[in-house]
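Each chain gets a letter, A, B and so on, in the order its sequence line appears, and its residues count up from 1. Quick caveat, the model's predicted, so the values are computed rather than measured.
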Amino acid sequence: MMAEADSRKVLCEPPKSRLPVESPLCPGCQHGVIGRILGEVIDELGIQGDTICIAGVGCHAMILFTTNVDFLQALHGRAPGIGTGVKRGLNGKKIVFTVQGDGDLASIGMGDIIHAAIRGEKLTVIFCNNSAYGTTGGQMAPTTLVGQSTTTSPGGRQYESAGFPVHIAELLATFPGVAYSARCAVTSLAEYAKTKKALKTAFQKQIDGVGLSIVEILSACPPSLKLNSVKAVEWIKEHMMAEFPLGEFKNVDETLPAYILKGS
Amino acid sequence: MIEVVINSEWCKGCGLCVHFCPKDCLSMGSEINAKGYSYPVFGNEEECNGCTACGKLCPDLAINIYRYKDI
Amino acid sequence: MGKKILVSGNEAVGYGAIYAGCTHYFGYPITPQNEVIEFFAREFPKIGRSFLQADSEVSSINMVGGAAAAGVRAMTTTSSTAFSLMQEGLSAIAAMEVPCVVVDVQRGGPGAGSTQHAQMDYLLATRGSHGDYFNMVLAPFSVQETFETIQLAFHLADKYRHPVLVLTDGIMGQMEESVDLKTVEFEPLPEKDWAVTGSRERGLKRNFLHNSPGILGFMTGDTYRSNLERSYAKYKRMKDTEVRYQAKDLDDAEIILIAYGSTARVTARAQYEARAEGLKVGMIRPITLWPFPTDIIKKYAEKVKGFIVVEDTMGQMVEDVKCVVAEKTEVHLVGFLDRHLPTSTGMILPDVVLNRIKAVA
């Protein structure tokens, strides 16, 4: 048996912090891949027992079924507030991260995430951007592309009336309290590796107490796009990346104000 | 030698593994699982270099991959 | 006896929180509760506790929910307009079964209403927002009682794993009285073994808190039905054991006055003067607005000539009293229209209550 164990090397198995249960997501939903990367990062940093996840409302929240860490379900958009409470409630000693979708974070919870960034809250934010409301049936999100058809933008999003896709990773990078901001994808093994590295860095920024860290991850939602799984991934590469460039928008080791009024 | 183990009951037949495999080692099989999805089968084994694209990019974590030392 | 100080009702909220062992405060400025948030901003850091000014009341109630879910005693304070903003969060906290304390220093409504006193949040506080749940609601009537009620509120919140509201108002918050600073002793409480603190010490067995019993209840072994049955069993225990009120001169009473909070002070004065004039008048002061002291009202419903409810609204608590009395006797309202001025600074004064007593007698 020993010989057999020695002769076998595991190249790919579910991460230890991932519960051994079937994913509840739709076929081809890349949120499942994000959940896997999260598990690998938690395992490699050895933080499973010290981490609390705050899930928003949306398909991304399905991660709560499969990730074995302490869990708290927030109301739609309110994960940064709940996370702030947990982080400060535990006196900053534990790792707290939120998982939020584009409807949750960029629409109803925009004020919440902006103010968490303003405060430089020591949270890590995993922002799953699939360009539509998946859970409710594929409605238009703030990240829906101009021209993209959804159930509430049937002829394609019209920028004249419905405005423009919001770029969260670039936006949050502008705040002094943000330590790390990146946009990634899981459209290839190479992108998978970059996403994992980004997420690990994001958690490390929190562990080091630098500030808020966010990783936006483009994720294919085949039912919203009304495409099969493979074409949905191709759609991400061809269209979504044209609107949302991948990359690191901020990576700093300390967060400092531009000006401090002294003697007040 | 690389072993690709498909957890057929977790598979939802999305076909991304087949798409991402650079060596065409996977193809959709003819059998279906309890949920009614067809799932992939591993073939063309000698071509597989253990890149793990199929496993890492499987949204359902339904693929485990092992490398065995040549004896 | 503890140290005696002269403070406002709003500051007494802060002292109550310190004595209750509250470690985390989240709030947002709004008149007439500003002295509360300023108290916490000033005093909490001095004793190593956590203060945070949130970006809105929507955020502050969620921050309270998060900190309380992590197992610490957390609270927020606000006033009517913004109390509305907290309703979604409060419903979620009740669903999560997380204990916390929320103080509403009531002002006038509807909308932005006025920045002055009123008691117009009675129905919102006692009925809660969407879904089948109730808040526990406490209503002190003095600065000393405010100080002690905050301690009681934290105890009850932890005892039932439930949000507890404390209703004061602009008058209660702004007026100053002496407070005897002393810790109120309560029975021991169970460990918060449900808190989300990281699972390492539990051997990686995770804790899971959610606010959607009909979606995620199964994750903690509940059905939607069993979840609501369990919470209603909890509400029944509260109704059976936590009703609090103060009663005076009921035995021979022909008229019973019912009032809470600041209007109870006015009403107590009117009751005293009525007795001095030989009128057989008693008074009931609900301390818990939910659960409402129905039994004591029911007991006297067939004996008295009438109840007079004194509240600074167009008529909210009076409906609860009518519901209990069930037309066995008359129920009158001395309310908002009986204020001495038609402006937002108008107040219900003892004379108007005394005159109504005489009209009913």
Among all residues two or more places apart in sequence or in another chain, which pass the salt bridge (charged side-chain N to carboxylate O under 4.0 Å, His left out) test with A:Lys250? none

Using side-chain heavy atoms (C-beta onward) and a distance below 4.5 Å, is A:Val125 in contact with A:Ile113? yes

Contact origin within C:His24 toward chain A - heavy atom pairs under 4.5 Å: side chain

How about C:Gln33 and C:Val13: do any of their side-chain heavy atoms sit closer than 4.5 Å? no

Over all heavy atoms of both residues, which pair between A:Ile168 and A:Met110 is shortest? Give the atoms and the distance, please. CD1-CE, 3.6 Å

Heavy-atom contact with chain A under 4.5 Å, split by part of C:Phe208: both

Would you call A:Asp70 and C:Arg206 a salt bridge, using N to O less than 4.0 angstrom? no

For chain C, which residues of residues 86-94 of chain A have heavy atoms nearer than 4.5 angstrom: A:Val86, A:Arg88, A:Gly89, A:Leu90, A:Asn91, A:Lys94

Non-hydrogen side-chain atoms of C:Asn62 and A:Leu75 separated by less than 4.5 Å: yes

Heavy-atom pairs under 4.5 Å with chain C are the metric here; pick the option from A:Asp50, A:Val96, A:Asp112, A:Ile118 that has the most. A:Asp50

What parts of residues 84-100 of chain C touch chain A if we use heavy atoms and a cut-off under 4.5 Å? C:Glu88, C:Gly89, C:Ala92, C:Met96

Any side-chain heavy-atom pair of C:Pro29 and C:Gln53 under 4.5 Å: yes

With a 4.5 angstrom heavy-atom cut-off, is it the side chain or the backbone of C:Arg202 that approaches chain A, or both, or neither? side chain

Find the one option among C:Ile61, C:Val72, C:Val58, C:Leu52 whose heavy-atom pairs under 4.5 Å with chain A are most numerous. C:Leu52

Between A:Thr201 and A:Gln204, do the side chains contain a donor N or O and an acceptor N or O under 3.5 Å apart? no

Interface moiety of A:Ala74 toward chain C, non-hydrogen atoms closer than 4.5 Å: backbone

Segment of C:Ala69 engaging chain A (4.5 angstrom heavy-atom cut-off): side chain

Region of C:Thr23 in contact with chain A, defined by heavy-atom distances below 4.5 Å: neither

Which atoms of C:Leu216 come close to chain A, meaning under 4.5 Å heavy atom to heavy atom: side chain ones, backbone ones, both, or neither? side chain

Is the distance from the ring center of C:Phe51 to that of C:Phe44 below 6.0 Å? no

Does the gap between the ring centers of C:Phe147 and C:Tyr15 come in under 6.0 Å? no

For C:Lys46, look at atom NZ and say whether over 12 heavy atoms of other residues, nucleotides or ligands are found less than 6.0 Å away. yes

Are side-chain heavy atoms of C:Glu187 and C:His155 found at a separation under 4.5 Å? yes

Can A:Arg119 and A:Thr84 be counted as having a side-chain donor-acceptor contact under 3.5 angstrom? yes

Under 4.5 Å, heavy atom to heavy atom: which of residues 54-65 of chain A reach chain C? Give them by number, or say none. A:Leu64, A:Phe65

Whatever's closer than 4.5 Å to a heavy atom in chain A on C:Val64 counts as neither

Within the 6.0 Å centroid threshold, strictly below: C:Phe218 and C:Tyr224: no

So does C:Lys192 have more than 12 non-hydrogen atoms from other groups sitting under 6.0 Å from NZ? yes

Portion of C:Ala54 that has a non-hydrogen atom of chain A nearer than 4.5 angstrom: neither

Just wondering, more than 12 heavy atoms not from C:Arg225 lying within 6.0 Å of its CZ? no

Is any side-chain heavy atom of C:Lys234 closer than 4.5 Å to a side-chain heavy atom of C:Met238? yes

If the threshold is 4.0 Å, N to carboxylate O, is there a salt bridge linking A:Lys200 and A:Glu40? no

C:Phe40 vs C:Tyr25 aromatic rings, parallel, tilted or perpendicular, using cut-offs 30° and 60°? parallel

Most contacts with chain C, counted as non-hydrogen pairs under 4.5 angstrom, among A:Thr51, A:Leu72, A:Ile95: A:Leu72

